[in-house]
Amino acid sequence: MTDDMTRYSAGEIEAKWQEVWNKAKVFQSEGASDKPKYYVLEMFPYPSGRIHMGHVRNYTLGDVIARHKMATGHNVLHPMGWDAFGLAAENAAMDKGIHPGEWTYQNIKDMKSQMKPLGFSLDWSREIATCHPEYYRHQQAMFIDMLEAGLIYRKNAVVNWDPVDMTVLANEQVIDGKGWRSGAEVEKRELTQWFFKISDFSEDLLEALDGLDDWPAKVRLMQENWIGKSRGIEIPFHRTDGGEPIVCYSTRPDTMRGASFLAISPEHPVSRALAEDNADLAAFIAETRKMDTTEAAMEKAEKKGIDTGITVKHPVEADKELPVWVGNFVLMDYGTGAVFGCPAHDQRDLDFARKYGLEARNAFYLPGDEVEVGNEALVPAKSEPVVFIDHFAGIKDVTSQEAIDATIDWFEEKGLGTGQVKYRLRDWGLSRQRYWGCPIPVVHCETCGVVPEKKENLPIRLPDNVSFDQPGNPLDRHDAWRQCECPKCGESGVRETDTMDTFVDSSWYFVRFTAPRAETPTDAAEAAYWMNVDQYIGGVEHAILHLLYSRFFARAMQITGHLPQSAVEPFDALFTQGMVTHAIYENAERKAEGGRPIYHYPEEVEEKGGDVIVKETRERVKVIPSAKMSKSKNNVVDPVNIIEQFGADTARWFVLSDSPPERDVEWTAAGAEAAHKHLTRVHRIVSDIASSDETASQEADELLLKEMHKTIHDVSGGVESFGFNAAIAKLYAFSNTLSRSKAGSAAKRQSAAALVQLMAPMTPHLSEELWAMLGHDGLVTTAPWPVADEAMLVDDQITMPIQINGKRRAEISVPKDMDKAEVEKIALSEDAVIRALDGATPKKVIVVPGRIVNVVI
RNA sequence: GCCCGCGUGGUGGAAUGGUAGACACAGAGGACUUAAAAUCCUUAGGCUGAAAAGCCGUGCCGGUUCGAGUCCGGCCGCGGGUACCA
């Protein structure tokens, strides 16, 4: 029955019901309410101009939660906004000559119009954009408060410097050590920059992870490792030339016997001092500065060093002297910028020692395995017992951890070192030498120094009349904007031209959503009511930086009075969705200017005889499978086509159905059509039921209703635990049951209504249509969520598999409460069991009630 | 390099330590149709076998357990993060 009256026409249905929702303002959150509040938030998007499948997945997940919470009687806040500052806008400005602001606002408009048809239950009345002065003026106010509270300071830090373009480069803009536009070798350069004192909160940020029960364990673990608490010791090594001792930090002082050299950072004061009259050393240091600033690049680079010529005394063995080397692998930012090398028990030190002919001597060996050091360092787990050789504190058979503790105690007792707890977490550098960001509201005055702006002068607006015809920060060359009055003495000063890292913008937007038009950064009452975010949803790629910065910012906002005490952890529950991936198509025959690879869009290539080629040029293409969808790699699938072809409900159903949401999913076009077929089928099944009128046997009715209650139970459970794909599988199964059921129309209508309601968070438009078709008055969106009847969930008779030695050989059907002995008896009388036993008695019979029987022979 | 994940049929995937492959996609066969589309029904991990049935099987190697996709140890491969992409 597929005539015109009952055909599923997504386009018409979706437009109609969106209009109904909008008119009724069903998605605008209430103020004070008797209902419990629920704040569900998806990570807000960067306005690139096109939504992609990752967005659709993210917002659909959030929307299902929001709609389900609405149906279960919550006052729901579900806002949306734009993370609107960033690098891409400046690139567009340079490439296309458009102002970053114009480009960004156009993109917001475009993306919004692409999102609207998806029918998300968003409260658009709260929309914010971080690039809007009405947003960033509050950020500037908080900056001033945090500066005055001592949470922000200035220090020198290195950046990637492009010597040809004369500009600072982001790590992403450095490709194989070269500037992405100029192709010039990138250098490190030191600048004075602004920092948040996040490291002051290391311990708190670490400890509070324990309370985040509804965060994924992996994210807590990643943050724990990122903060990187370690207990170690600072040991001064005395120079034989009488100079200032060099202080090393070590977490493995138990390996001291094996120490054979000291390695100090190229940026260490001693290195710098020695370089002044050591040309080789100066050249070595200069060489290490020609590397990008990423940790990965530094760690992967070949470990190199140079002997400084100075030596230090071993702190324990009086007659032993150690050479001091400068090593490119020693970070000035961590510990003291100096380490002692113990080749026997550290692989990196061993490689270094072998390369430069340094000694390798064991501090301990494994019990019963006393061997010389080969090419592999002996690094046992800290809990593993080892045997120490001539340990100065007299310990011998202990674990490494016990030895570390004993050694630290011994050093402290003798006054040879100081136990220290250190964290890997570094302060958050927020300065960016770029135009399209929130201006840092300070003035440099010759007499007063660095002075924060007066709050009444905020916002310090970005000037509009800037040009991008040359690289570098346009603010630097905008004299009219830079010239200003010193807020303190009134004489002339110059504005800070650094803008803020966009992570600052995204570290508090979730609080701004609670009072998006407030005259102060936050509204105490609204923040107290809505915070914390009950459920935060976003990509796992944000597991560390964004989430850690937000956790810090909540603390900083609390100290400066912008957040109530209760909101110290901003996100009660976190869900990290997997990415939507897609193959990348890289041109294998041609490169762009400057050696950059050329990437092709999926629709530009085709498969031909096992090879993939560019349709137009017939060039061969290298296929890089399942990579994060990224605008710069052109491997982005446009959901707009799918919505136009099949409708929003199909797109929503599809992104939820196939993969568990925490897992990455490789996008393929085939699935969307299947999703649409199914929705068409549901439309047909329910239409038929709505227009039929039959009675049937009570048995058939009961069977169907029992299945209905099971489905309500399972789907509700699935929706509450992000098991959407499994929930959808149950809905498929129930549609099949319903369409084949011989039940009467009353039972069928009841079941159809349940099906429609259970689908509503996922396919809200179709559900509204069918809900109305079944004769319901109100909206399914606001109808109370169905509740399963517990009594209907249990089966009296259950099937139990019979295993023989752990392999399934038969199954029996027994009443659910049958006692163990009885079950065992029935199991042993099964043919397959008798055959396998062949007259013998079983060694053991394990009966797990309600589950399984295992006969051990 | 380091930290964190992931790996199951042709494909997406399901499975509180308890019947591996639910539910789908693609496939094969059939019904309906003049035909096609749509729809409905059947089938389907691999190997052997006519069947009954048996053997193998969750990246690889090993362990714990009556029982392991699931827990533990060691590998391999892929992905994310690595502090200036967001």
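If you're wondering where the values come from, they're calculated on a predicted model, not measured in any experiment. In what follows, chains are A, B, ... by sequence order, proteins preceding strands, each numbered from 1. Computed from heavy atoms alone, side chains included, the values below leave out hydrogens, waters and symmetry copies.
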- Using both distances under 3.5 Å as the test, list the Watson-Crick or G-U wobble partner of B:C2, or none. B:G81
- Item | Span that lies between the P atom of B:G57 and that of B:C6, in whole angstrom | 24 Å
- Message: Taking B:C55 as the reference, what is the distance to B:C41 when you measure between their C1' atoms (whole Å, please)?
- Response: 33 Å
- Message: Checking base pairs now: Watson-Crick or wobble, both atom distances under 3.5 Å. What partners B:C40?
- Response: B:G30
- Item | Side-chain N,O (A:Ser657) to OP1/OP2 (B:A24) below 4.0 Å | no
- Task: Using only heavy-atom distances, decide whether a donor-acceptor pair under 3.5 angstrom links the side-chain of A:Asn854 to the base of B:C66.
- Result: yes
- Note on the structure: In whole angstroms, the gap separating P of B:A38 from NE2 of A:His683 amounts to 19 Å
- Query: Angle class for the A:Phe44/A:Tyr509 ring planes (parallel below 30°, perpendicular above 60°, tilted otherwise)?
  - Reply: parallel
- Item | Residues A:Asp95, A:Arg181: salt bridge by 4.0 Å N-O rule | yes
- Message: Filter on salt bridge (charged side-chain N to carboxylate O under 4.0 Å, His left out), then keep only pairs touching residues 542-553 of chain A, sequence neighbours left out; what's left?
- Response: A:Arg551-A:Glu569
- Item | Distance in angstrom units between A:Asp349 CG and B:C2 P, rounded | 14 Å
- Query: When we call it a touch if two heavy atoms are under 4.0 Å apart, what does A:Val848 touch: a base, just sugar-phosphate, or nothing?
  - Reply: base
- Query: Between the side chains of A:Tyr8 and A:Thr650, does any donor sit under 3.5 Å from an acceptor?
  - Reply: no
- Query: Is the glycosidic torsion of B:G9 within 90° of 0, making it syn, or is it anti?
  - Reply: syn
- Query: Where along nucleotides 43-49 of chain B does protein come under 4.0 Å, by heavy atom, of base (B) or sugar-phosphate alone (S), with - for untouched nucleotides?
  - Reply: -------
- Message: Using only modelled atom types and a 3.5 angstrom limit, is any donor from either the side chain of A:Gln223 or the base of B:C3 paired with an acceptor on the other?
- Response: no
Please tabulate, for side-chain N and O atoms in residues 724-735 of chain A, each donor-acceptor pair with protein atoms closer than 3.5 Å (sequence neighbours left out).
unit_1, atom_1, unit_2, atom_2, d
A:Tyr732, OH, A:Trp653, NE1, 3.4
A:Ser735, OG, A:Leu731, O, 2.6

- Kindly say whether, by distance alone, the side chain of A:Arg424 makes a donor-acceptor pair under 3.5 Å with the base of B:U82? no
- Item | Polar pair under 3.5 Å, donor/acceptor by atom type, side chain A:Glu295, base B:G1 | yes
- Query: Is it true that atom CG of A:Asn225 has more than 12 heavy atoms of other residues, nucleotides or ligands lying nearer than 6.0 Å?
  - Reply: yes
